Amino acid sequence: MGRAGHYNRPLARPEEVHIAIRVMKFGGSSVADAEKIRNVARRIAGAREQGDDVVAVLSAMGKTTDGLVALADEISSTPAPREMDMLLSTGERVSCALMAMALHDLGHDAASFTGSQAGIVTDTAHTKAKIIEINPERLLSELGSGHIVLVAGFQGMSTDRNVTTLGRGGSDTTAVALAAALDAQVCEIYTDVTGVFTADPRIEPGARKLPLVSHEEMLEMAASGSKVLALRSVEVARLHDVPLHVRSTFAPDEGTWITKETPMMERAFVSGIAHKSDEAKISLLGVEDQPGVAATVFTALADSLINVDTIIQNVGVDGRADLSFTVPLPDLRKALDVIEGMGDRLPHRETISDDQIGKVSLVGEGMRSNPGIAATMFRVLASEGINIQMIDTSTIRITVVIARDEVERAVRALHEAFDLASEAERRGV
Ligand code: ADP
Ligand code: ASP
Ligand code: MG
């Protein structure tokens, strides 16, 4: 089936017309105003002039999506998800149309397309849709005519023919999925940092760029809050083996390559620190300790499309147990409504919630074989006087739930304690 998997590649593409396709994705800050759009146009034109066929995926200009969300909030406290998608999808269309104009002025043939026109088919989960199929014929024929193709990121058309969006940061996913469907040589993610760093450089100024990160590490980092790449985009890259290159829009330097695995020599105990500040915790106290309770709660939350993360259940005493879990802060109200709506189906004493939490995670391939990392992490947090509320681990990640106002301090203390700045240096950054 090849790496395009379930994305429909054209049935026959004669060998002799094999084309090198380059997918270039530009984030919101890269296209924030007219001058930046002209700058990106020059970069896209440069790639085309080198002989590549270029598909550029664009985000909405600057903070446009935030502005549209705020506008919807002003109109209604419960906007219909279908209409949110009609609204939010407009932002990336604006960028694409303007980019086409800028490219025309540079003497290039360019045409802009909505997600739907680009053949991106999604499921029907408005505002969090997943791409289920891509029909790339239209884009391939445009490329075949020598045009630069511009695709509005973060959107598609659902199987019931409505406009959908892919969740915040979803233009990354559009780009990687198109790269898979078009069998592109590379998917380049152009952004306002020069690559993937050992921590968010906005929080830790001493953070260093990592030259190579494995798919698995990047998955853990994205899931743990490193928003430089949307989680779903990394999942698609891994599934379809798409070479990913995260790099700067504003500088020519090599960025970070995300690859299947990193060579042994490159593996650090801890590669990076990720954090999330927009989380909330729900605790169900005195839950009847019987089979099926957890299944009932988490099925109801999943049916409402709420992504539950860290889960802890303590040992039951007197036939009752406490169950705590985290949800994204924007989903807290909905999650509490779901729990309240369960009534007698969820026999428990009390529900409490905390909307002031955050998470800090250490991620690294080398953690598999180094059991001491967790202990060091906890010691560092203790010496900072930071209380750990929950702990969650995978083979290459340790996550702690702490108070939101201590997240940034924790990131900086851990970066220093694990010497990540010089660790990255040792790896040749
Ligand atoms: P874009 O608009 O280009 O999609 P994003 O704002 O979504 O850009 O992602 C880039 C931002 O991700 C950076 O400005 C940086 O603050 C943040 N970030 C968080 N963690 C990391 C990390 N480990 N490495 C690099 N950037 C990170
Ligand atoms: N514009 C959307 C957002 O701000 C999608 C993206 O930029 O990737 O989330
Ligand atoms: Mg982004």
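Quantities reported herein were computed from a predicted structural model and do not represent experimental measurements.
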Open item on the list: As a test of understanding, state which of Glu365, Glu217, Glu220 forms a salt bridge (charged side-chain N to carboxylate O under 4.0 Å, His left out) with Arg397.
Closed with: Glu220
Open item on the list: Please determine whether a side-chain nitrogen of the Lys or Arg among Glu204 and Arg409 lies less than 4.0 Å from a carboxylate oxygen of the Asp or Glu.
Closed with: no
- [ ] List the steps, then state whether side-chain contact (heavy atoms from CB on, under 4.5 Å) holds for Leu231 with Leu219.
- [x] CA-CA 6 Å; Leu231 174 59; Leu219 272 180; 3.8 Å; yes
- [ ] Measure across Val242 and Ala179 and return the closest heavy-atom pair with its distance rounded to 0.1 Å.
- [x] CG1-CB, 3.8 Å
Open item on the list: Any carboxylate oxygen within less than 4.0 angstrom of a Lys/Arg side-chain nitrogen, looking at Asp241 and Lys260?
Closed with: yes
Open item on the list: Could you check whether Arg333 pairs with Asp337 (Lys NZ or Arg NE/NH1/NH2 to Asp/Glu carboxylate O, under 4.0 Å)?
Closed with: yes
- [ ] Identify whether the distance between the nearest side-chain nitrogen and carboxylate oxygen of Glu188 and Lys25 falls below 4.0 Å.
- [x] no
Open item on the list: Whether Asp172 and Arg232 form a salt bridge (side-chain N of Lys/Arg under 4.0 Å from carboxylate O of Asp/Glu) is what I want to check.
Closed with: no
Task: Exceeds 12 heavy-atom contacts within 6.0 angstrom, atom CE of Met342 - done: yes
Open item on the list: Assess whether a salt bridge exists between Asp331 and Lys128, defined as any Lys/Arg side-chain N lying under 4.0 Å from an Asp/Glu carboxylate O.
Closed with: yes
- [ ] Would you check if Val121 and Ile134 make a side-chain contact, meaning some heavy-atom pair closer than 4.5 Å?
- [x] no
Task: Which atom of Arg412 lies closest to which atom of Ile203, heavy atoms considered - done: NH1-O, 2.9 Å
Open item on the list: Please determine whether the number of non-hydrogen atoms from other residues, nucleotides or ligands lying under 6.0 Å from atom CD of Glu83 exceeds 12.
Closed with: yes
Task: Sidechain-backbone polar pair: Asn370 side chain, Gly366 backbone, donor-acceptor under 3.5 Å - done: yes
- [ ] May I ask you to decide whether Asp253 forms a salt bridge with Arg247, counting only side-chain N to carboxylate O separations under 4.0 Å?
- [x] no
Open item on the list: Would His245 and Ile189 count as a side-chain contact (heavy atoms from CB on, under 4.5 Å) here? Give the steps.
Closed with: CA-CA 6 Å; His245 186 191; Ile189 306 288; over 6 Å; no
Task: Heavy-atom side-chain contact between Ile148 and Asp109 under 4.5 Å - done: no
Task: Non-hydrogen atoms of Ala207 and Pro201 that approach each other most closely - done: CB-CA, 4.3 Å
- [ ] Run the numbers on Thr310 and Ile391 for side-chain contact (heavy atoms from CB on, under 4.5 Å), then give the verdict.
- [x] CA-CA 8 Å; Thr310 311; Ile391 299 168; over 6 Å; no
Task: Pairing of Asp309 and Lys276 as salt bridge, 4.0 angstrom limit - done: yes
- [ ] Flag the pair Ile357 / Gln389 as yes when at least one side-chain heavy-atom distance between them is below 4.5 Å, and no otherwise.
- [x] yes
Task: Minimal non-hydrogen separation, Gly358 against Val407, with atom names - done: CA-CG2, 3.8 Å
Task: Donor-acceptor contact below 3.5 Å, side chain Arg48 vs main chain Asp52 - done: yes
Task: Sub-4.5 Å side-chain heavy-atom contact between Ile402 and Asn387 - done: no
- [ ] Determine whether the side chains of Ser248 and Thr194 contain a donor N or O and an acceptor N or O closer than 3.5 Å.
- [x] no
Task: Derivation and outcome, side-chain contact (heavy atoms from CB on, under 4.5 Å), residues Thr296 and Leu346 - done: CA-CA 8 Å; Thr296 313; Leu346 175 58; 5.9 Å; no
- [ ] Could you verify whether a donor N or O on one side chain and an acceptor N or O on the other, from Ser233 and Thr173, lie under 3.5 Å apart?
- [x] no
TODO: Please answer whether the main-chain N or O of Ala295 pairs with a side-chain N or O of Thr299 as donor and acceptor at a distance below 3.5 Å.
DONE: yes
Task: Salt bridge flag under 4.0 Å for residues Asp278 and Lys359 - done: no
Task: No-hydrogen, no-angle side-chain donor-acceptor test under 3.5 Å, Thr165 and Asp85 - done: yes
Open item on the list: Would you say His275 and Ser224 are linked by a side-chain donor-acceptor pair, where the criterion is simply a distance under 3.5 Å?
Closed with: no
TODO: May I have the step-by-step check of side-chain hydrogen bond (donor to acceptor under 3.5 Å, both in side chains) for Ser158 and Thr122, ending in yes or no?
DONE: CA-CA 5 Å; Ser158 68; Thr122 73; 5.2 Å; no
- [ ] For residues Ser361 and Ile273, determine if any side-chain heavy atom of one lies less than 4.5 Å from a side-chain heavy atom of the other.
- [x] no
Open item on the list: Check this for me: Glu35, atom CD, are more than 12 non-hydrogen atoms of other residues, nucleotides or ligands nearer than 6.0 Å?
Closed with: yes
- [ ] State, without any angle test, whether Glu235 and His215 hold a side-chain donor-acceptor pair at a distance under 3.5 Å.
- [x] no
- [ ] Kindly give the heavy-atom pair with the smallest separation between Met221 and Phe197, and that separation in Å.
- [x] CE-O, 3.8 Å
TODO: State, yes or no, whether a side-chain contact exists between Glu92 and Thr65 at a heavy-atom distance under 4.5 Å.
DONE: yes
Open item on the list: For a 4.5 angstrom cut-off between non-hydrogen side-chain atoms, does Phe298 reach Val308?
Closed with: yes
Task: Closest approach of Ser171 to Phe154 (non-hydrogen atoms, all atoms of both residues) - done: OG-CB, 3.5 Å
Open item on the list: Check this for me, if you would: do Arg202 and Asp192 make a salt bridge, where the nitrogen-to-carboxylate-oxygen distance has to be below 4.0 angstrom?
Closed with: yes
Open item on the list: Whether the Arg93 and Ser95 side chains hold a donor-acceptor pair (N or O, under 3.5 Å, no angle test) is what I'd like checked.
Closed with: no
- [ ] Determine yes or no for a side-chain-to-main-chain donor-acceptor pair under 3.5 angstrom, with Gln117 supplying the side chain and Thr114 the backbone.
- [x] yes
Open item on the list: Looking at Glu216 and Arg368, is there a salt bridge between them, counting it only when a charged N and a carboxylate O are closer than 4.0 Å?
Closed with: yes
